Amino acid sequence: MTKLSVNINKIATLRNSRGGDVPNVVQFARDVQKFGAQGVTIHPRPDERHIRYQDVYDLKPEVYTEYNIEGNPIRQFVDMVLEVKPTQVTLVPDAEDAITSNAGWNTIKHKEFLVDVIKEFKQNGIRTSIFVDPVLKQIEGAKATGTDRIELYTEAYADAYSLGNKMGIKPYIECAVLANALGLGLNAGHDLSLDNIKYFKQNIPDLLEVSIGHALISESLYLGIENVINMYLRQLK
Ligand SMILES: CC(=O)[C@@H](O)[C@H](O)COP(=O)(O)O
Ligand SMILES: NCC(=O)COP(=O)(O)O
């Protein structure tokens, strides 16, 4: 079975755009779990443009499914994750000024750093995953870091699929087969959507978890708008 972890960054973006507490991030996390999601993902960034560091603590007692915290392991992030102790930490090498995550780790160049930081999380009982491009030598490098899992960065697959190119899945299948053979758990994420998720799931062996945010929240708006318009119209009769 592949678990669905809902990334709620976008709910925090909407909240922050207006001040106040609407929509409420904690209530949203409660609801996605009530509706069947098997995990909640957040990706606090140093500028706190969506998830704030305080949200990370507020969510902890509310996430009874898998709590996945993603981020660049700068010291402030590492200390917070060690304190909160989520189910899983996903390490992402994102630059502070990046609009969103745009690359996986170079697991060979950053091996020493990753070995140390992964050891620290694992010693504290936190499962680790590292965000990687679908490149075989990066998967081998990931194995050498001691990480429990990898998260395949799926933007290239999603782009190709949206252009009708189903061959974009090929490097992901090769990396999944290698990861399985090496005993690395396999997660995936970025730009996965209702449109492209089924084909990905059907072709990737032993996919443990996907984290989905941007498309899932957008789809919720598209698919929910008719209901809400009708509710308003009823109030205005
Ligand atoms: C790690 C990853 O794939 C990202 O998709 C990320 O979690 C989303 O972050 P933003 O919501 O900041 O774009
Ligand atoms: N790890 C990927 C994630 O959490 C969500 O990415 P996206 O669906 O917002 O692109």
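All values below were derived from every heavy atom in this structure, side-chain atoms included, with hydrogens, water molecules and symmetry-related copies excluded. Both ligands and their constituent atoms are indexed starting at 1 by order of listing. Just so it is clear, the model here is predicted, and its values are computed rather than measured.
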If hydrophobic clusters are built by linking Ile, Leu, Val, Met, Phe, Trp and Tyr wherever their side-chain heavy atoms come under 4.5 Å apart, do Leu136 and Leu207 end up in the same one? yes

Quick check: do Val25 and Ile8 have side-chain heavy atoms less than 4.5 Å from each other? yes

Polar side chain donor-acceptor pair, Ser129 to Gln88, under 3.5 angstrom: no

So with a 6.0 Å cut-off around NE2 of His110, is the heavy-atom count from everything else above 12? yes

Show every ring-ring contact (aromatic ring centres under 6.0 Å, His included) that has at least one partner inside residues 63-94, sequence neighbours left out. none

List by chain and number: which residues place a heavy atom under 4.0 Å from ligand 2? Asn7, Thr41, Glu70, Glu151, Gly189, His190, Asp191, Ser211, Ile212, Gly213, His214

Non-hydrogen atoms closer than 4.0 Å to ligand 1: which protein residues do they belong to? List them by chain and number, please. Asn7, Asn9, His43, Arg45, His50, Glu70, Val92, Thr100, Ser101, Phe131, His190

Going by the salt bridge (charged side-chain N to carboxylate O under 4.0 Å, His left out) test, which pairs reach into residues 180-199, not counting sequence neighbours? none

What I'd like to find out is whether the side chain of Asn9 reaches to under 4.5 Å of the side chain of Ile42, using heavy atoms alone. yes

Arg49 with Asp47: basic N within carboxylate O range, under 4.0 Å: yes

Any salt bridge linking Glu219 with Lys10? Criterion: basic side-chain nitrogen under 4.0 Å from a carboxylate oxygen. no

